[in-house]
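Numbering of ligands and ligand atoms starts at 1, following listing order.
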Amino acid sequence: MNKEIFLVASGDLRIAANQSCWETQDQMEKALAAVLEKFGYHIKRAHAYNPEKKHGFIDSQRMGIEVFKTIDKDAPLIVAESVWQYSHHVLAGLTTHRGPILTLANFSGQWPGLVGLLNLNGSLTKANVKYSSLWSVNFDDEFFLNGIKSWLSNGEINHPETHVKSFAAVKIPAADEKIGRDFAAKLKDEKAIMGVFDEGCMGMFNAIVPDDLLHATGIFKERLSQSTLYARMLTVSDSDAEKVLNWLLDKGMKFDWGTDDATELTKAQTLTQCKMYVAALRLADEFGCDTIGIQYQQGLKDLVPASDLVEGLLNNQDRPPVFDENGKELYAGEALPHFNEVDECAGIDGLLTYRLWQKLGMPGENTLHDLRWGEHFKSDKVDDFVWVFEISGAAPPAHHVGGYAGSDSIRQPAMFFKFGGGSLRGVAKPGHLVWSRVYVINNELHCDLGVGKAVELPKEETDRRWNETNYQWPIMHATLDGVTRDQMMARHKANHIQVVYATDEAAAHRACRIKAAALEELGIKTHFCGTVDVTGTKFN
Ligand SMILES: C[C@H](O)[C@@H](O)[C@@H](O)C(=O)CO
């Protein structure tokens, strides 16, 4: 391989995020350069630090296109990430790059860099761009060194996928298959509407499902606008907003209110969020939506506080009642599954899972999380690699220890959310899980799924993990059965992962099989990851 390797770093659109994260990115690039020098390779940054902006990231699609004009198309190229990044900043350039591409991140939770890497990988996969990927805590471990040697000598890294079994290659019990297929056939026949409040959040190309692929599942998009949502918020009365807030306070939910609008959560911000909650349900009802996604970024973030509290409430079956202007209760007694950051892949999954779980007699509340980071943890209750699943919004209080009373709302970090607003935060209760992810590859919908557990960690460890990441956001301590950290990182084609609880371990395995059959019936090719009891013999 050419001894000179180009490096690009895609960043956020929000200048405050790019400035806050620059130091970490710079340190990471220096550590990487030192390792590559040892192997006789030299890094050439394709874009310089910008002293006026005070960061060295590609911060727009236009800038990315201009930077790629200066890169030799046949040269080896590393996309190095230690921050949350917008994939479309570099996607255009990467689609026409001919040399070997390596996407790489430091395995750290400080900023959502791993989340950015996984989004980029999912986006490149959907765009049919060939790439290799690597991650490392200090760039000195065997896994990383073997990977980088392989890339430097062959221009590629092949991560084994021995933990994956495709649905087409196994035989699940006929009774499970029938339940899943019958359920999905009905869903497909009856059809469903996915309300999309402004498509394409934060450059997440992988999160946009092409309409023709979606239509084949029986789901159709209703393209809605966040401008309409804002206009509708203006029509919600103060007393309707107060009723929502009082309902939450009566349930015991806590709000970390202060008085400084710029740095603290204020009651006024929370009340605006309550108006958004009411407006979202009224609009969803008006358009007959079965699920909705509000992106918040690009547009709404410049007008009002964050949508995160709203998203968590919508995803919970027990939630403040909302009425239309004629007094009819909307979606009475039901959640309105919400896909955070308008991640349409999660939207398909969230809707199907909510309804299927109810059919199976289990609570249907589910959510996406970011696959944020993780570390091995050993105690008398767990000895495993424990992931930090964490997301700014969308986690339903039903997932939290103590429900509403165990949940609180903390001001969103100013670097991402200048108008504040609170989260709906809690610690996910211990229990058995089914995890999944729908993604696009070769212009087809696929889904990986498996089983795992939300585990209990000591309070100090929860606090440590929160402080290493975003203490404002809901957290789940998750272990994945039969899938190692590196298998997960190598295979997962998205920044998000969907999770739902099952009543016990046997139910998790059975529901995972049934869900796979349902997805197959919708035309989504499924793949069991890890030690799923596909034959249904382990728990008899
Ligand atoms: C606020 C941040 O940009 C987050 O939205 C980001 O880390 C994500 O959640 C990406 O999925």
Next item on the list: Report yes if Trp473 has an N/O atom closer than 3.5 Å to an N/O atom of ligand 1; otherwise report no.
Entry: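 Min N/O separation from ligand 1 is not below 3.5 Å for Trp473.
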
Next item on the list: Please determine if Asp12 has a nitrogen or oxygen closer than 3.5 Å to a nitrogen or oxygen of ligand 1.
Entry: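 No, there is no polar N/O contact under 3.5 Å.
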
Axial cation check for [Y] ring with [X], 6.0 Å and 45° limits:
| X | Y | answer |
| --- | --- | --- |
| Lys429 | Tyr501 | yes |
| Arg425 | Trp466 | yes |
| Lys126 | Phe205 | yes |

Does ligand 1 have a heavy atom under 4.0 Å from the side chain of [X], from its backbone, from both, or from neither?
| X | result |
| --- | --- |
| Asn340 | neither |
| Met204 | neither |
| Glu341 | side chain |
| Arg14 | side chain |

Note to self: Surrounding CZ of Phe377 (heavy atoms of other residues, nucleotides or ligands, distance under 6.0 Å), is the total greater than 12?
What the structure shows: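 Yes, enclosed.
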
Next item on the list: Pick whichever of Asp370, Asp343, Val83 has a heavy atom sitting closest to atom 6 (C) of ligand 1.
Entry: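 Result: the heavy atom closest to atom 6 (C) of ligand 1 is in Asp370.
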
Which of the atoms of ligand 1 are close to [X], meaning less than 4.0 Å from one of its heavy atoms?
| X | result |
| --- | --- |
| His496 | 11 (O) |
| Asn495 | 10 (C), 11 (O) |
| Phe417 | 1 (C) |
| Ile391 | 9 (O) |
| Pro112 | 7 (O) |

Next item on the list: Check Gly195 against Phe339 and note the closest heavy-atom contact, atom names and distance.
Entry: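 Looks like O-CZ, 3.6 Å.
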
Check: Is there a heavy atom of Met202 sitting under 4.0 angstrom from any atom of ligand 1?
Finding: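 Yes, Met202 has a heavy atom closer than 4.0 Å to ligand 1.
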
Next item on the list: Using a strict 4.0 Å threshold on nitrogen-to-oxygen distance, state whether Arg223 and Asp211 make a salt bridge.
Entry: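 Yes, charged N to carboxylate O under 4.0 Å.
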
Check: Less than 4.5 Å apart, any side-chain heavy atom of Trp387 and any of Arg485?
Finding: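 In contact.
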
Checklist line | Side chains of Arg465 and Ile475 in contact at under 4.5 Å (non-hydrogen atoms) | finding: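 Contact flag for Arg465/Ile475 side chains = yes.
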
Checklist line | Centroid separation His446 to His527 less than 6.0 Å | finding: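 Ring centres of His527 and His446 closer than 6.0 Å.
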
